[in-house]
Structures are given as structure tokens and as C-alpha cells.
Amino acid sequence: MPDTQDKTPRPFVFINTAMSADGKIATIERRQTRISGSLDFDRMDELRATSDAIMVGIGTVLSDNPSLTVKSPQRREKRCAGGRDENPVRIVVDSMARTPLNADIFKKGDGKRMIAVSESAPQERVKELSKHAEVITAGETNVELRRLLTELKARGINRLMVEGGATLNWGLISQGLVDEIYTFIGNIVIGGRTAPTLVDGEGCTAGFCRLALISCEKLEDGVLVKWKVIN
């Protein structure tokens, strides 16, 4: 990560995802399906292990129930040897405090959890979630992502990995809050006009997000493409 990032008001932010050859990240039922293989999973695990935090949107939690943990014992040991928790901080962007109390991010793995909510979130739900995670309020009706990232930087999070979903990706990209994007493109076609893509949301009519190619390589039966955001 560049030294200049330490002087910025937000963390270095990168999106990592796997998508089908037609750009889908899940099925029409919004269910995750296996797109990449063991080498890409290991690459993702290394990214998790070298990040300060992992962030997802509430939609990803409700549909996939991810634990967001580092799988490799060796990588967890290395983190602990360096004075860090065995897992990065796990963050859910959840404007209305809908994260289930039995979600896997609460049940699996050691480490800190954060839930970002808005001022409109039901206070009883916020109170319950605060028993399991640090709750950050950022925004009136929806989580203001720029404000949230400033809060995360103030808490010592300098490298933030984003694992979706499509709505959160749009929110970050549309506000110019992403530095790099890594996409594994698998050798399957999912289809479906309602199946989520890498980025959904309102979409651009002008002023498109521009990217510069960092690298492109064959990985197993797919392609790993890395982009730098230049807008």
C-alpha cells in the first residue's frame, strides 16, 4: 500500500469478487454459486489475511451468511504473531440494523466485528447488535459511506477489503471511494436479467468510472483481472 495512503482520510479500499463470464456474481435467486476454484479461494484468503478489515453489505449477509474469516491456520498464526487478531475486523453496512444475531460473523472466528447503521435504525435492534459488535452510526436514513470510511480510518483500519454485494460496490464506486478492483472471471454463464452483477445500483448515464489495467492472467479455468480506479 502506498505511503501516501496514510495521509488520506480513508483506508485503501479494494473490491474482490468472482463473477461468471457474463458478469453475474450470483443466481437469479441471489444465491452464491461456486465460480472459481481452489487457487482463487487461496488467493482470496491471502487478501483477507493481509487486510485490516473486510466489509460487506447487509444483502450479502442475509443471502450468503458469510463468516469472513481467514481459513488458513498458518495465516491466522502469522497475524497473531504480528500482534493482530487472527481475523480482520468484519464490518457489515446495515442501515436498518437487520443483521441476524445468529449470523456466522458473530459465531465463527475470533476478532472484532462492526455494524454500520443509520440514525433511522430501530434502537432496540441497535441495542441487541451492540452486544455482539461495535455499532457505528453514520448517516440519517442510510449509511453514509464516505463518513463511515473516515470513522474506520480513525480506528486504525488502513487496508479495507470489500466482498460485496453489488449495491455496496455501486455505492463505493459511484462516490469515488475505491482504489482497486480484482475480478476472477469464471468459465460459466449464469444469465438472468435480475441476477446481480459486480455493480448494480442506479448506474451511470455519464461520468463513468474509468479503470487502468494492472494485470491480467489465466488462473485455473478462468481469468484474474486487476484494475486501478483512475476517476
Side-chain angles (χ1 to χ4, degrees), residues 13-37 39-41 43-44 47 54-68 91-100 103-105 116 118 120 139 141-146 148 161-214 216-231:
V13 177
F14 67 95
I15 294 172
N16 182 74
T17 193
M19 65 184 186
S20 63
D22 57 328
K24 307 297 185 180
I25 62 172
T27 66
I28 57 174
E29 295 92 359
R30 307 191 76 83
R31 293 179 181 172
Q32 198 173 52
T33 186
R34 183 154 183 163
I35 296 174
S36 61
L39 290 180
D40 188 59
F41 274 86
R43 179 190 65 86
M44 180 182 68
L47 289 174
I54 304 169
M55 187 164 74
V56 297
I58 181 58
T60 296
V61 172
L62 295 177
S63 62
D64 300 336
N65 193 25
S67 65
L68 305 178
I91 305 166
V92 181
V93 178
D94 180 11
S95 294
M96 297 306 293
R98 295 186 292 152
T99 303
D104 278 354
I105 59 165
S118 71
S120 300
T141 58
N142 293 291
V143 171
E144 296 177 9
L145 295 172
R146 188 177 301 276
L148 172 61
M161 179 177 182
V162 178
E163 293 194 27
T167 301
L168 176 60
N169 290 345
W170 162 255
L172 292 165
I173 291 172
S174 65
Q175 295 180 52
L177 300 175
V178 178
D179 298 286
E180 294 180 356
I181 301 173
Y182 312 145
T183 54
F184 175 86
I185 304 171
N187 62 335
I188 62 171
V189 172
I190 295 176
R193 64 174 60 90
T194 61
T197 60
L198 171 63
V199 180
D200 285 344
E202 298 174 4
C204 299
T205 56
F208 306 113
C209 174
R210 300 291 179 179
L211 308 175
L213 184 64
I214 297 174
C216 180
E217 61 180 291
K218 186 179 186 300
L219 183 63
E220 297 177 308
D221 293 323
V223 178
L224 175 62
V225 184
K226 297 183 179 180
W227 301 97
K228 178 180 176 62
V229 180
I230 58 176
N231 64 334

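This is a predicted model, so every value here is computed, not measured.
Two residues are said to be in side-chain contact when any heavy atoms from C-beta on lie closer than 4.5 Å; Cys216 and Val223 meet this criterion. Between Leu62 and Arg98 the shortest side-chain heavy-atom distance falls below 4.5 Å. For the pair Leu168 and Leu145, the minimum side-chain heavy-atom distance is below 4.5 Å. Using a 4.5 Å heavy-atom cutoff, the side chains of Phe41 and Arg34 are in contact. You'll find the side chain of Val199 stays beyond 4.5 Å of the side chain of Ile15, heavy atoms only. Using a 4.5 Å heavy-atom cutoff, the side chains of Val229 and Leu211 are in contact.
A 6.0 Å sphere centred on CD of Glu202 holds no more than 12 heavy atoms belonging to other residues, nucleotides or ligands. Counting heavy-atom neighbours within 6.0 Å of Arg30 CZ, excluding the residue itself, gives a total of 12 or less.
Checked against side chain to side chain donor-acceptor pair (under 3.5 Å), Gln175 has no partners two or more places apart in sequence or in another chain. Legend: residues meeting salt bridge (Lys or Arg N to Asp or Glu O under 4.0 Å) with Asp64, ordered by chain and number and at least two apart, are absent.
Nearest heavy-atom pair, Ile188 versus Asp22, reported as atom, atom and distance to 0.1 Å: O-OD1, 4.0 Å. The two residues Ser118 and Met96 have their closest heavy-atom pair at OG-SD, 4.2 Å. The two atoms that bring Asn65 and Asp104 nearest to each other are OD1-N, 2.9 Å, heavy atoms only. When all heavy atoms of Pro100 and Val61 are compared, the closest pair comes out as CD-CG1, 4.1 Å. Between Thr60 and Gly164, the shortest heavy-atom distance links the atoms OG1-C, 3.4 Å.
Distance check: Ile35 CD1 to Asp221 CG gives 13.5 Å after rounding to the nearest 0.5 Å.
Paired with Met19 under the rule side-chain contact (heavy atoms from CB on, under 4.5 Å), one option of Ile25, Thr197, Ile190 passes, and it is Ile25.
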- Decide side chain to side chain contact (heavy atoms under 4.5 Å, CB included) for Phe184 and Met44; before the verdict, give the C-alpha distance in whole Å, the side-chain angles of both, and the deciding distance to 0.1 Å. CA-CA 10 Å; Phe184 175 86; Met44 180 182 68; over 6 Å; no

- Message: One pair to check against side chain to side chain contact (heavy atoms under 4.5 Å, CB included): Leu39 and Leu219. What are the steps and the verdict?
- Response: CA-CA 8 Å; Leu39 290 180; Leu219 183 63; 4.0 Å; yes

